[in-house]
Amino acid sequence: QVQLVESGGGLVQPGGSLRLSCAASTNIFLFNVMAWYRQAPGKQRELVAAYPRVGSRPYADAVKGRFTISRDTAKNTVYLQMNSLKPEDTAVYYCKAERVVGTTTTNYWGQGTQVTVSS
């Protein structure tokens with residue numbers, strides 16, 4: 001069973017930075033895409049950034065130029081570097097891994113990590 005473990009969340013002041021980590025229990029090359037989502041209170045979960053196996057890495061408009069997704073294949077870990085944080089970035093951040101085998105798509109989710117941006 002695939003496990004994704006997020007870490008790195010916390011309380012930060014506006015303008016500050018955090019780096020989230022998502023460690024997978026298996027080789028991340030097995031996944032077609034790994035991504036970060038977030039869900040703020042009372043809102044739907046939304047895509048923040050994605051790292052596909054091939055191709056470009058899309059970002060939500062709200063985080064372009066401030067957030068960067070990266071990966072370390074040796075550590076089977078995906079990161080989300082978040083700079084110039086704003087109060088509206090406050091949310092629970094989730095890591096997702098998507099695996100496609102034939103016509104079957106399986107999504108794996110982490111447990112989430114809380115990010116709070118407040119003075």
Side-chain angles (χ1 to χ4, degrees):
Q1 181 69 12
V2 173
Q3 289 187 324
L4 303 174
V5 179
E6 300 107 331
S7 61
L11 173 64
V12 64
Q13 291 187 341
S17 298
L18 283 174
R19 188 178 79 157
L20 305 183
S21 299
C22 171
S25 61
T26 188
N27 190 330
I28 60 175
F29 281 116
L30 292 177
F31 304 117
N32 289 70
V33 61
M34 294 192 73
W36 286 97
Y37 285 72
R38 67 185 181 185
Q39 187 167 19
K43 294 188 176 182
Q44 288 190 330
R45 193 172 295 189
E46 62 176 1
L47 176 68
V48 176
Y51 202 124
R53 187 186 298 163
V54 294
S56 61
R57 299 165 221 171
Y59 292 87
D61 288 343
V63 307
K64 282 180 181 177
R66 299 188 298 120
F67 290 11
T68 302
I69 190 170
S70 63
R71 71 183 184 188
D72 185 333
T73 54
K75 296 182 179 180
N76 292 318
T77 299
V78 174
Y79 303 98
L80 185 68
Q81 178 67 43
M82 306 186 294
N83 298 328
S84 302
L85 282 161
K86 304 176 181 180
E88 51 263 44
D89 295 317
T90 295
V92 178
Y93 284 71
Y94 297 91
C95 177
K96 188 189 89 168
E98 177 188 283
R99 186 176 183 191
V100 178
V101 179
T103 58
T104 302
T105 299
T106 304
N107 292 316
Y108 303 93
W109 291 91
Q111 81 287 353
T113 184
Q114 176 70 46
V115 171
T116 303
V117 185
S118 175
S119 55

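- Applying the salt bridge (Lys or Arg N to Asp or Glu O under 4.0 Å) rule to Arg66 yields the partners Asp89; only residues at least two apart in sequence or on another chain are considered.
- By the criterion of side-chain heavy atoms lying less than 4.5 angstrom apart, applied directly or through intervening Ile, Leu, Val, Met, Phe, Trp or Tyr residues, Tyr37 is not grouped with Val33; the two fall into different hydrophobic clusters.
- Applying the side-chain hydrogen bond (donor to acceptor under 3.5 Å, both in side chains) test to every pair with at least one member in residues 77-88, sequence neighbours left out, gives these pairs: Ser17-Asn83, Gln81-Asn83.
- Counting only residues at least two apart or on different chains, no disulfide (SG to SG under 2.5 Å) pair has a member in residues 39-83.
- For residues 7-66, the set of pairs meeting the disulfide (SG to SG under 2.5 Å) definition, not counting sequence neighbours, comprises Cys22-Cys95.
- Taking CD of Gln114 as the reference point, atom CG of Leu11 lies at 9.5 Å (rounded to 0.5 Å).
- Residue pairs satisfying the disulfide (SG to SG under 2.5 Å) criterion with at least one member in residues 23-73, sequence neighbours excluded, are absent.
- Looking at every heavy atom in both residues, Leu47 comes nearest to Ala35 through CD1-CB, 3.8 Å.
- The list of salt bridge (charged side-chain N to carboxylate O under 4.0 Å, His left out) pairs with a residue in residues 45-57, not counting sequence neighbours, reads Arg38-Glu46.
- At a threshold of 4.5 Å between side-chain heavy atoms, the hydrophobic network of Ile, Leu, Val, Met, Phe, Trp and Tyr places Tyr94 and Val5 in two separate groups.
- Taking the side chain to side chain contact (heavy atoms under 4.5 Å, CB included) definition, one finds that Ser119 meets it with Pro14, sequence neighbours left out.
- In this structure, Tyr59 shares a hydrophobic cluster with Val2, Leu4, Val12, Leu18, Leu20, Ile28, Phe31, Met34, Trp36, Val48, Tyr51, Val63, Phe67, Ile69, Val78, Leu80, Met82, Leu85, Tyr93, Tyr108, Val115, Val117, the cluster being traced through Ile, Leu, Val, Met, Phe, Trp and Tyr side chains under 4.5 angstrom apart.
- In terms of heavy-atom proximity, Pro58 sits nearest to Ser56 at CD-O, 3.4 Å.
- For the side chain to side chain donor-acceptor pair (under 3.5 Å) test, no residue two or more places apart in sequence or in another chain qualifies with Asn76.
- When the side chain to side chain donor-acceptor pair (under 3.5 Å) test is applied to Gln3, no partner is found at least two apart in sequence or on another chain.
- Applying the side chain to side chain donor-acceptor pair (under 3.5 Å) criterion to Glu98, with sequence neighbours excluded, gives no partner residue.
- Judged by distance alone, the side chain of Gln111 and the main-chain N or O of Glu6 form a donor-acceptor pair under 3.5 Å.
- Scanning for side chain to side chain donor-acceptor pair (under 3.5 Å) contacts around Lys43 gives an empty result, with sequence neighbours left out.
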